[in-house]
Amino acid sequence: MMIKNSIFSLLLLLVSVLSFAQEISSPNAELKMKFSLTEAGEPVYQLTYKGKPVIKESKLGLALKDSEDLLGNFEIKNSSETSEDNTWTPVWGESREIRNHYNQLQVELVQKDTDRKLILNFRMFDEGLGFRYEFPEQENLTYFVIEEEHSQFAMAGDHNAFWLPGDYDSQEYDYTESKLSEISSKFDTAVTGNASQEQFSNTGVQTSLMMKSRDGLYINLHEAALVDYSLMNLNLDEENLVFESWLTPDAVGNKGYIQTPAVSPWRTIMVSDDATEILASNMNLNLNEPNKLEDTSWIKPVKYIGVWWEMITGKSSWAYTDELPSVQLGKTDYSKTTPNGKHAANTEHVKEYIDFAAEHGFDAVLVEGWNEGWEDWFGKSKDYVFDFVTPYPDFDVEAIHKYAQSKGVKMMMHHETSGAIRNYERHMDTAYQFMNKYDYPAVKSGYVGDIIPRGEHHYGQWAINHFLYAVTKAADYKIMVNAHEAVRPTGLRRTYPNLIGNESARGTEFQAFGGSKPNHVTVLPFTRLIGGPMDYTPGIFEMDISKLNPDNNSHVNSTLANQLAMYVTMYSPLQMAADLPENYMRFPDAFQFIKDVALDWDKSEYLEAEPGDYITVARKAKGTNNWFVGNVNGEKTRTSNITFDFLDKDRTYIATIYADAADAHYKTNPQAYEIKKFRVNNKSKLSQQSAPGGGFAISIMEAEKSEVKDLKKL
């Protein structure tokens with residue numbers, strides 16, 4: 001009898017091992033992930049933080065088209081655990097060095113009836129979990145089509161969330177704040193008009209999704225290393241509070257074409273009981289491949305101005321003439337038309353911007369509307385819309401090149417595609433060669449409108465492959481890329497550091513299209529910026545848009561001090577002073593901060609944060625002992641109490657504080673600010689009030705003691 005019991009116990013042990021329940025912890029042991037297979041052979045995982053549930057048991061797998069799904073009937077063939085702890089140096093970034101420290105669990109599954117292999121790779125960092133699907137090369141799984149990915153995220157409560165409507169083409173929405181259970185009831189009002197958009201469900205949302213639980217956990221869902229795969233939205237089962245991945249389809253409804261060996265993007269879950277740790281995380285970057293560019297000496301952060309805001313506000317136009325109902329490139333003779341008198345991209349006007357850039361130390365000047373075709377560029381589903389090399393009659397490319405060169409200023413190219421991706425790829429080499437010839441080291445590309453080929457989406461696999469193709473092709477010509485209306489970033493700037501910026505969210509331009517919520521910039525660093533920097537184009541000093549264009553009654557919902565602070569809180573190596581030069585000359589003392597603030601950093605300290613309410617960040621300028629601080633505030637007056645203990649010991653600094661005046665308000669008194677100077681060191685403390693929609697910015701410059709003797713000590 002004892003022998004039979006022993007055999008039975010051994011069999012139970014074998015069954016237990018084969019059914020597999022394994023835990024992996026973060027390096028600091030605060031996060032724990034448990035993986036197992038259900039009785040039906042379905043992969044499931046769950047995640048806890050300091051003993052609190054974050055993700056309840058959630059299923060993983062993929063449904064395939066015309067093939068048996070990769071959802072169940074699996075058994076464990078092998079598993080392995082490894083750890084990694086190294087440091088790498090980014091070409092540019094929020095800090096000089098980045099630590100990459102994680103514990104990894106790889107589980108090799110075999111589907112019993114098909115003998116197909118699937119590897120699940122889990123990486124646990126101190127701030128979160130990343131997991132992805134890996135499809136090894138194998139006889140029984142070589143080519144397949146994804147019908148849907150079914151990665152679940154079962155939430156442990158009805159969290160408060162900052163969300164955007166799930167969409168195949170646009171992220172240019174204001175954030176809605178609500179409980180998860182309220183998403184469907186608020187969905188219709190969350191959707192606002194856009195040049196290209198398509199929603200799929202009234203419980204669909206986009207990543208990066210920021211949430212906060214009732215017991216104070218900050219939870220963020222996103223993805224990393226999106227390559228040759230469709231973008232992931234999330235669809236919520238409101239009754240059970242379970243999110244499930246929802247990939248972007250192509251023109252015929254398929255959601256991905258895979259040839260093994262291949263991998264999916266990483267699905268990421270960040271967790272902390274401190275909001276600043278979400279902002280400080282490098283997990284998204286660490287889940288991307290190392291830099292693939294051998295020579296990066298030509299990649300440099302850029303502070304620029306541009307012929308742009310005057311067109312956005314309606315003061316000026318992109319188009320050269322108002323006489324043409326349609327344009328045919330190479331056939332339309334612009335010399336026979338009458339200029340409309342509003343075309344901003346003309347030689348003399350651009351020279352004025354070059355002069356301003358040179359006088360105030362800006363690196364580059366962006367010019368939009370310089371090339372033929374803007375008269376009928378949008379809404380016509382037009383394939384051959386631009387050729388990216390032919391200027392209007394009033395834009396002298398050669399003269400501008402020589403003038404900018406004489407002033408020590410670079411020009412920034414603009415390539416609007418109007419969504420005609422196929423046309424852009426036909427012209428790309430010629431366009432990049434044109435940029436090299438006339439010394440344009442960076443391009444702002446645009447993808448406004450529906451994608452051509454028709455039926456494709458901005459976030460489908462086909463377009464995503466194009467966006468990366470444009471970046472890698474640009475690298476061949478030593479060109480930096482700032483892509484607007486492209487897919488939101490997922491950390492690829494580590495692998496391709498010439499991707500210096502993206503828009504892919506609701507930027508400053510919407511302040512001239514009716515305005516954005518005053519707390520918008522307190523949400524973006526927790527959401528859109530998780531994947532990479534945004535060309536948000538801050539620096540607007542005139543908030544009443546009707547003063548630029550009497551027909552536009554929009555209002556910029558921000559104080560002037562808030563605009564300054566964004567140069568620190570909205571990290572980007574590409575920063576624009578977006579307003580008109582004459583508006584900066586009205587406030588030269590405040591403009592000084594934009595001139596002084598750095599673009600590249602040795603260190604970043606996140607002093608305080610609460611999504612939707614406030615963010616305060618301090619950054620140390622690369623290669624110096626100077627620091628810059630930014631605070632952006634939400635809709636309520638608030639006082640920040642911060643210490644300067646991030647400063648180096650035994651050093652003296654001059655702190656110049658640009659703050660809201662006592663009566664400042666984003667709507668009623670946005671230009672009310674005050675500037676004060678103090679002597680500070682690492683023991684100094686500051687109590688500073690921020691207005692609704694306001695904030696403050698501080699430049700902290702190392703100084704000799706003789707320079708600060710007359711300044712009050714803070």
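We're numbering straight along the sequence, starting at 1.
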Go through the steps for K667 and N557 under the test side chain to side chain donor-acceptor pair (under 3.5 Å), then give the verdict.
CA-CA 6 Å; K667 184 68 77 174; N557 293 320; 2.9 Å; yes
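- For E84 and N86, the side-chain atoms include at least one donor-acceptor pair closer than 3.5 Å.
- Side-chain atoms of D600 come within 3.5 Å of backbone atoms of G93 as a donor-acceptor pair (strictly under, hydrogens ignored).
- Between the side chain of K303 and the backbone N or O of V597, at least one donor-acceptor pair lies under 3.5 Å.
- Inter-residue side-chain proximity for H360 and M585 is flagged as met; some heavy-atom pair is nearer than 4.5 Å.
- The aromatic ring centroids of F356 and F591 lie less than 6.0 Å from each other.
- Looking at N641 and S687, their side chains do bring a donor and an acceptor atom within 3.5 Å of each other.
- For the residue pair Q405/Y438, the side-chain donor-acceptor check at 3.5 Å is not satisfied.
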Is there a side chain to side chain contact (heavy atoms under 4.5 Å, CB included) between F593 and V568 once you walk through the steps?
CA-CA 11 Å; F593 182 84; V568 183; 4.0 Å; yes
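- Judged by distance alone, the side chain of R494 and the main-chain N or O of N288 form a donor-acceptor pair under 3.5 Å.
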Apply the test salt bridge (Lys or Arg N to Asp or Glu O under 4.0 Å) to residues R679 and D710: give CA-CA distance (whole Å), side-chain angles for both, the deciding distance (0.1 Å), then the verdict.
CA-CA 9 Å; R679 172 165 49 102; D710 295 328; over 6 Å; no
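- Side-chain atoms of Q688 and S640 form no donor-acceptor pair, as typed in the model, at a separation below 3.5 Å.
- D363 contributes no side-chain N or O that, together with a main-chain N or O of V302, makes up a donor-acceptor pair within less than 3.5 Å.
- Looking at T495, N498, I500, L492 one by one, the single match for side chain to side chain contact (heavy atoms under 4.5 Å, CB included) with V471 turns out to be N498.
- Residues A344 and V307 come closest through the heavy atom pair CB-CG1, 3.4 Å.
- Of the N and O atoms on the side chains of S690 and R638, not one donor lies less than 3.5 Å from an acceptor on the other residue.
- A donor atom on one side chain and an acceptor atom on the other are found under 3.5 Å apart for N220 and S208.
- Side-chain contact between E608 and Y614 is present, with heavy atoms from C-beta onward closer than 4.5 Å.
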Using side chain to side chain contact (heavy atoms under 4.5 Å, CB included), reason through V91 and N291 one step at a time and then give a plain yes or no.
CA-CA 9 Å; V91 175; N291 174 25; 4.3 Å; yes
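- With hydrogens and angles ignored, the 3.5 Å screen pairs a side-chain donor or acceptor of R528 with a backbone N or O of P533.
- D174 is not listed as a side-chain neighbour of F510, based on a closest heavy-atom distance of 4.5 Å or more.
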Mind running side chain to side chain donor-acceptor pair (under 3.5 Å) on W370 and N346 for me, showing each step along the way?
CA-CA 7 Å; W370 67 276; N346 65 77; over 6 Å; no
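- Salt-bridge formation is detected for the pair E542/R586: a Lys NZ or Arg NE/NH1/NH2 atom is positioned less than 4.0 Å from an Asp or Glu carboxylate oxygen.
- Using modelled atom types, one finds no donor on one side chain facing an acceptor on the other under 3.5 Å when comparing N625 with Y653.
- Heavy atoms only, all atoms of each residue included: P301 and W92 are closest at CG-CB, 4.3 Å.
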Intermediate values then yes/no, side chain to side chain donor-acceptor pair (under 3.5 Å), Y673 and D589:
CA-CA 10 Å; Y673 65 92; D589 53 353; 2.5 Å; yes
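- No option in Q511, M576, E509 other than M576 meets the side chain to side chain contact (heavy atoms under 4.5 Å, CB included) test with T537.
- Two residues are said to be in side-chain contact when any heavy atoms from C-beta on lie closer than 4.5 Å; T508 and V556 fail this criterion.
- No side-chain donor-acceptor contact under 3.5 Å links E94 and S604.
- Side chain to side chain, Y49 and D273 meet the donor-acceptor criterion of an N or O pair below 3.5 Å.
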Evaluate the criterion side chain to side chain donor-acceptor pair (under 3.5 Å) for residue pair N286 and N282; output intermediate values, then yes/no.
CA-CA 6 Å; N286 282 327; N282 287 305; over 6 Å; no
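- Looking at heavy atoms from C-beta onward, I700 lies out of side-chain contact with N626 at the 4.5 angstrom threshold.
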After noting the C-alpha distance and the side-chain angles of V680 and T652, does the key distance pass the side chain to side chain contact (heavy atoms under 4.5 Å, CB included) rule?
CA-CA 6 Å; V680 299; T652 302; over 6 Å; no
With salt bridge (Lys or Arg N to Asp or Glu O under 4.0 Å) as the criterion, how do K407 and D355 come out once you've worked through the C-alpha distance, each side chain's angles and the decisive distance to 0.1 Å?
CA-CA 7 Å; K407 295 284 187 174; D355 288 341; 3.5 Å; yes
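- Using modelled atom types, one finds no donor on one side chain facing an acceptor on the other under 3.5 Å when comparing E172 with H484.
- T490 and R488 share no donor-acceptor pair across their side chains, judged by distance under 3.5 Å alone.
- In this structure, the side chains of W627 and K603 come closer than 4.5 Å at one or more pairs of heavy atoms.
- Note on ring orientation: taking the six-membered ring where Trp is involved, the planes of Y175 and H520 are tilted (angle from 30° to 60°).
- E704 contributes no side-chain N or O that, together with a main-chain N or O of S706, makes up a donor-acceptor pair within less than 3.5 Å.
- Judged by distance alone, the side chains of E127 and S281 do bring a donor and an acceptor atom under 3.5 Å apart.
- There is a side-chain donor-acceptor pair under 3.5 Å between D660 and T559.
- Here the closest heavy-atom approach between residue K685 and residue L714 is recorded as O-CG, 3.3 Å.
- Formation of a donor-acceptor pair under 3.5 Å by the Y536 side chain with backbone atoms of E503 is not found in this model.
- Residues Q171 and S504 bring no donor and acceptor atom of their side chains to less than 3.5 Å of each other.
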List the steps, then state whether side chain to side chain contact (heavy atoms under 4.5 Å, CB included) holds for Y658 with K676.
CA-CA 7 Å; Y658 304 77; K676 295 180 180 179; over 6 Å; no
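- Between W308 and V367, every side-chain heavy-atom pair lies at or beyond the 4.5 Å cut-off.
- With hydrogens and angles left out, the side-chain atoms of Y403 and K351 include no donor and acceptor closer than 3.5 Å.
- Panel note: side chain S554, backbone G515; no donor-acceptor pair is recorded below 3.5 Å.
- Using a 3.5 Å distance cut-off with no hydrogens or angles, the side chains of E177 and N160 do pair a donor with an acceptor.
- Under the 3.5 Å distance criterion, with hydrogens and angles disregarded, a donor-acceptor pair is assigned to the side chains of N631 and T616.
- In terms of modelled atom types and a separation under 3.5 Å, the side chain of K649 and the main chain of N681 share no donor-acceptor contact.
- Under the 3.5 Å distance criterion, the side-chain polar atoms of Q575 are matched with a main-chain donor or acceptor of M570.
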Assess the residue pair R99 and D85 against the criterion (salt bridge (Lys or Arg N to Asp or Glu O under 4.0 Å)); give the C-alpha distance rounded to whole Å, side-chain angles, the decisive distance to 0.1 Å, and a yes or no.
CA-CA 7 Å; R99 186 183 185 189; D85 190 0; 2.7 Å; yes
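- Contact of the I354 side chain with the M411 side chain is registered, since non-hydrogen atoms from C-beta on lie closer than 4.5 Å.
- Electrostatic pairing of K444 and D535 does not count as a salt bridge here, judged by no charged N lying under 4.0 Å from a carboxylate O.
- Taking a cutoff of 4.0 Å between a charged side-chain nitrogen and a carboxylate oxygen, R96 and D602 qualify as a salt bridge.
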